[in-house]
There are 2 protein chains.
Amino acid sequence: MTARAPRADALRNRSRVLAAAEQVFVARGTAVSTEAVARAAGVGIGTVFRHFPTKAALIEAVFRERLRRFGEEADQLVEADDAGQAIWIFLSRVAEVAAGKQAWADAFAATNLRDALTPAREQLPRALGSLLSRAQEQGAIRPDVTVAELVALMLAVSRVPELDAEGAALRARVLTIVFDGLRPQP
Amino acid sequence: MTARAPRADALRNRSRVLAAAEQVFVARGTAVSTEAVARAAGVGIGTVFRHFPTKAALIEAVFRERLRRFGEEADQLVEADDAGQAIWIFLSRVAEVAAGKQAWADAFAATNLRDALTPAREQLPRALGSLLSRAQEQGAIRPDVTVAELVALMLAVSRVPELDAEGAALRARVLTIVFDGLRPQP
DNA sequence: TCTAAAGTGGAGTGATCACTCCGTTACAAA
DNA sequence: TTTGTAACGGAGTGATCACTCCACTTTAGA
């Protein structure tokens, strides 16, 4: 009746596949074959499909994992003294991770964002919410901004670097503009 | 020796294919088969490939056409009295056109933007440049912004609506933030 | 009107994938 | 150690595409 304990090799392979998929997708886009992912993970294709029943499910899992890690980063920033600066750091971090990485555009596009970001349940919106209200109390962020706008801006800035002629410099200037727009307005 | 005039049916088919491709890509993404595009255009596949040697070339052509039309809209806005408002209108327009349209994300991603936007040669950056300097003279836009940032923000806002829970309302609020950031800062 | 050349349509081709199936292997529980 | 079973690997399958080829049609120019 009671479920048998999960096998050690199964758990190990699952995380290997996730890690390899992230690397390969980032490097070559989500259009790479599942076989390439399997090879990178050092497992057979059958194993990939055992853990992720379709390729779309694999892409979504990789994406959720990325969001989960952003959530963790946001959580750590909640403890910062200057909440406004924490939001600046967070947005910069998102833009930086997405820089030049076609794969995030693919993943964002392929995933149902409303599911991935169900506000009440997931860590990321919760952490962003704390960050935001603290920053608003401190007067660093205008009071009419909500988490929805923050998430939208997160998506938006993750697109900026694709132009990358000047790379990091342009990214920083765009972030400055966005951030100034987030400040309380006269 | 002199080149023969291009055939009327060839020209007609070329623009039919372009128009059909735009419609189909917007509706179903650029992953649709070339055959579907041909069917929508009412021509054979062979004809599509005669005009656009690869599928990537077709996607790029559709995308350039879209940019060209944005360029036209920007050009018309150059004559507006209030250049700041003109930029607001332009950015809103870009966000609106991109709204919910997966295809633009695909197209942006698949195209070499630096080629498509070579500053000196294309209409869009030129028009944006005029718009921008007039707005800066009028004191509506901060002086340290360049066309590169404007284009980057254009890309950025074209991503916002994908979240679309509240659709137009969220889009407007995000645009407000971005636009306030573009104003001269205290 | 005639004709050479450009253009057309769509069956065919080869390559690539996502996904399945099943004989083999490694593990957890007894 | 033994054993039942979950997990593994990877060849195989069917479907889908991008792109080609060529017999036929339409056009521009004479």
Side-chain angles (χ1 to χ4, degrees), chain A residues 1-25 27-63 102-103 106-107 109-112, chain B residues 1-25 27-63 102-103 106-107 109-112:
Chain A
M1 204 66 236
T2 34
R4 170 186 269 240
R7 278 173 54 163
D9 56 347
L11 292 177
R12 181 173 8 100
N13 281 336
R14 196 193 136 89
S15 61
R16 271 192 194 163
V17 168
L18 260 187
E22 172 157 7
Q23 274 193 350
V24 172
F25 287 163
R28 299 164 53 202
T30 52
V32 293
S33 66
T34 311
E35 202 171 339
V37 172
R39 226 179 301 124
V43 303
I45 306 191
T47 301
V48 176
F49 278 100
R50 162 163 288 264
H51 289 289
F52 306 96
T54 64
K55 192 185 179 186
L58 173 59
I59 294 173
E60 183 174 333
V62 168
F63 181 63
Q102 171 66 36
D106 290 356
T111 306
N112 184 326
Chain B
M1 203 71 235
T2 34
R4 173 184 268 240
R7 278 172 53 163
D9 56 346
L11 292 177
R12 183 177 1 104
N13 281 336
R14 196 194 135 89
S15 60
R16 271 192 194 161
V17 168
L18 260 186
E22 172 157 6
Q23 274 193 350
V24 172
F25 287 163
R28 298 165 52 203
T30 53
V32 293
S33 66
T34 312
E35 202 171 337
V37 172
R39 226 179 299 125
V43 304
I45 306 189
T47 300
V48 175
F49 278 100
R50 161 162 288 263
H51 289 289
F52 306 95
T54 63
K55 193 185 178 185
L58 173 60
I59 294 173
E60 183 174 334
V62 168
F63 182 61
Q102 171 65 37
D106 289 355
T111 307
N112 184 325

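Lettering of chains follows the sequences in order, A, B, ..., and the numbering in each one begins at 1.
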Requested in this report: Working to the nearest 0.5 Å, report the span between CG of B:Leu11 and CZ of B:Arg7.
Outcome: 10.5 Å
**Report entry** Distance, rounded to the nearest Å, where B:Arg50 contributes CZ and D:dA18 contributes C1'
**Finding:** 17 Å
Query - Beyond-backbone contact of A:Phe52 with A:Thr34, side-chain heavy atoms, under 4.5 angstrom - result: no
Report task. Describe the nucleic acid contact of B:Ala38 in one word from base, sugar-phosphate, nothing, applying a heavy-atom distance below 4.0 Å. Result -> nothing
Requested in this report: May I have the distance from B:Glu35 (atom CD) to D:dC19 (atom P), rounded to whole angstrom?
Outcome: 14 Å
Report task. Would you mind reading off the distance between A:Arg4 atom CZ and D:dG4 atom C1', rounded to a whole angstrom? Result -> 7 Å
Report summary line: Taken to the nearest whole Å, CG/A:Leu58 to P/C:dC19 is 10 Å
Query - Value in whole Å for how far the P atom of C:dG7 lies from CG of B:Asp9 - result: 8 Å
Query raised in the report: Would you say B:Asn13 reaches C:dT8's phosphate, i.e. side-chain N/O to OP1/OP2 under 4.0 Å?
Result: yes
**Report entry** Between C1' of D:dC17 and CZ of B:Phe52, the distance in whole Å
**Finding:** 19 Å
Query raised in the report: Of the candidate nucleotides D:dA28, C:dG9, D:dC19, which contains the atom at the shortest distance from the side chain of B:Lys55?
Result: D:dC19
Requested in this report: Select one nucleotide: of D:dA7, D:dC19, C:dT20, the one nearest the side-chain heavy atoms of B:Phe49.
Outcome: D:dC19
**Report entry** Distance in Å, A:Arg50 CZ paired with A:Arg14 CZ, rounded so as to fall on 0.5 Å steps
**Finding:** 13.0 Å
Report task. Please tell me which of the listed nucleotides, D:dC8, D:dT27, D:dT20, lies nearest to the side chain of B:Arg12? Result -> D:dT27
**Report entry** B:Arg7 side chain, from C-beta outward: closest of D:dT26, D:dG9, C:dC19
**Finding:** D:dT26
Report summary line: The answer to which of A:Val43 and B:Ala56 contacts DNA chain D further toward the 5' end, by nearest nucleotide, is A:Val43
Requested in this report: Measure the shortest side-chain to side-chain distance between A:Arg12 and A:Asp9 over non-hydrogen atoms and say whether it is less than 4.5 angstrom.
Outcome: yes
Query raised in the report: Would you say D:dA7 has OP1 or OP2 under 4.0 Å from some side-chain N or O of A:His51?
Result: no
Query raised in the report: Starting at the 5' end of DNA chain D and moving along, which residue's nearest nucleotide shows up first, B:Pro6 or B:Gly46?
Result: B:Gly46
Report summary line: Residues A:Phe25 and A:Val37: closest non-hydrogen pair is CE2-CG2, 4.0 Å
Query - Short side-chain N/O contact from A:Ser33 to OP1 or OP2 of C:dT16, under 4.0 Å - result: no
Query raised in the report: Within the structure, does a side-chain N or O atom of A:Thr47 lie under 4.0 Å from either OP1 or OP2 of D:dA7?
Result: no
Report task. Provide, to the nearest angstrom, the distance between the CD1 atom belonging to A:Ile59 and the C1' atom belonging to C:dC19. Result -> 14 Å
Query raised in the report: With respect to the side chain of B:Ile45, which nucleotide from C:dC19, C:dG10, D:dG29 is positioned closest?
Result: C:dG10
